[in-house]
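Notes for the one structure printed next.
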Amino acid sequence: MPRIIKVAAAQLGPVHRDSTRHDTLSRMIKLLQSASKLDSQLVLFPETALTTFFPRHLISDQQELDSYFEHADDLPGSPTTKPLFDEARKLGIDICVGYAERTAEGKGYNTSVYYSASQGKVIAKYRKIHLPGTVEPFENPDAINQLEKRYFEPGNLGFKAFRAPDLVLGAQKKGAGSPQPGQGDPIMGMMICNDRRWAEGWRCYGLQGVEIVLCGYNTAGWAPDLWGTRKPMTPQEAEDDSLFHHKLVMQGNSYMNSCFSVSAAKAGLEDGKYDLIGGSCITSPEGHVLAEAKTKDDEIVFAEIDLEDCRQGKEKTFDFDRHRRVDQYSPITLQTGIIEPELL
Ligand code: CDV
């Protein structure tokens, strides 16, 4: 039976250090309204959607740093974010939003939440697990920094899939006969930016039968100190490569876990000079790009998808139950770094 759902990535153009929260929220609401005209049921916003990607800066002014974080636990009820969630509720669109979270205990996380419009509340939260970059800035004064390890703790909520209610017709519910794989409400997983490059997270979701992975990102087009300079590149070549790697991991991991993925960029020249790639896209369980951003500005990327398309991979090539050999995979959880074979 088809399980059709209309999904969208809301790509944002740059949000600058001096952009006001009011302006950014207005842009996000406008994108939501555009997505609504296409009958979107679910809209994904980028990582740290509400602010500039501040971890590129070494910020010593605590007041400025605090201004990039959400301090409230309840985003839909917090004055700085409420209008977005109110609009989502009004339009009947689920939203997934990335933001910097400051907990009551003072810890910082790079977080995203999933808000269900029909429930009128956040039903799932994810905290970024693979924090890239460094604690201290690079020695090169011209380097593009990535200070996420300085400002955030590694996520502590795991890769926990969840079901989103009221998006597909005729979903099987608890207690209505024995559970049939691929018949219930859609199974979602969230990840944030750098997480998408790590097969481990995808597999954790794959093992929960994930059907749609949502991933917001801020990905530099030019960051030689971060990525290495063994093969010198022009800024354009570096940006092309960065975009290539983004699509490679979204397509490859969607295929290997038989799921759709939606990815949303914050794109363009942020803070006047820091280039972020675009390339927000929706990919299929067979690894194809179904829709893709054409600009590096505010843009809706939309596709109507049928979750039934996940079944082929999950039941054949990637039927985990029949084909996985966990007794041979121990290095994956026992080891972090590389241990090379002994020298000859
Ligand atoms: N925000 C990110 O996590 N960015 C990383 C890179 C650029 C360090 C990414 O994987 O895209």
Side-chain angles (χ1 to χ4, degrees), residues 9 11-17 44-59 68-69 96-101 108-112 126-138 140 142-155 159 189-202 213-229 233 235 237-254 261-271 273-281 283 293 296:
Q11 176 173 286
L12 277 168
V15 177
H16 302 297
R17 212 164 168 173
L44 167 69
F45 289 97
E47 174 188 36
T48 62
L50 306 165
T51 64
T52 187
F53 187 66
F54 65 90
R56 70 168 68 90
H57 301 294
L58 180 63
I59 300 165
Y68 298 122
F69 283 82
C96 176
V97 186
Y99 65 102
E101 174 191 10
Y109 294 99
N110 191 339
T111 299
S112 62
Y126 171 77
R127 289 173 173 156
K128 184 174 181 176
I129 287 173
H130 299 102
L131 298 177
T134 55
V135 176
E136 298 299 331
F138 294 114
N140 171 9
D142 298 323
I144 313 291
N145 286 298
Q146 183 82 19
L147 300 172
E148 288 193 56
K149 289 185 197 295
R150 183 181 192 89
Y151 300 128
F152 301 124
E153 309 281 330
F159 295 101
M190 292 184 274
M191 54 176 67
I192 301 180
C193 198
N194 188 247
D195 286 318
R196 72 200 190 286
R197 304 183 196 275
W198 298 84
E200 293 87 340
W202 287 88
V213 169
L214 302 166
C215 180
Y217 60 100
N218 288 264
T219 294
W222 173 250
D225 295 79
L226 184 70
W227 283 326
T229 51
M233 286 187 181
E237 286 168 338
E239 180 172 346
D240 291 349
D241 233 26
S242 182
L243 192 59
F244 168 73
H245 290 143
H246 158 62
K247 292 206 295 194
L248 180 71
V249 295
M250 297 314 294
Q251 293 179 249
N253 285 296
S254 295
S261 71
V262 184
S263 56
K266 184 127 62 55
L269 273 194
E270 236 179 28
D271 299 334
K273 63 174 188 170
Y274 300 99
D275 185 31
L276 295 173
I277 63 166
S280 305
C281 60
T283 65
K296 284 164 81 177

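For ligands, and for the atoms within them, numbers begin at 1 and follow the listed sequence. Given the structure is predicted, the values throughout are model-derived calculations rather than measurements.
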Assess the residue pair H57 and Y274 against the criterion (ring-ring contact (aromatic ring centres under 6.0 Å, His included)); give the C-alpha distance rounded to whole Å, side-chain angles, the decisive distance to 0.1 Å, and a yes or no. CA-CA 11 Å; H57 301 294; Y274 300 99; 5.5 Å; yes
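- With sequence neighbours excluded, the residues forming a side chain to side chain contact (heavy atoms under 4.5 Å, CB included) with N194 are K128, H130, P132, R197, W198, listed by chain and number.
- Residues passing the ring pair (Phe, Tyr, Trp, His ring centres under 6.0 Å) test with F45: none are found, sequence neighbours excluded.
- One distance of note links CD1 of I144 with NZ of K273; it measures 7.0 Å at 0.5 Å rounding.
- Every ring pair (Phe, Tyr, Trp, His ring centres under 6.0 Å) that F152 has, sequence neighbours left out, goes to F54, F69.
- In this structure, ligand 1 sits under 4.0 Å from heavy atoms belonging to E47, F53, K128, P132, Q146, E148, C193, N194, R196, R197, N218, T219, A220, L226, W227.
- A distance-only check finds a donor-acceptor pair linking the side chain of K149 to the backbone of L131 [under 3.5 Å].
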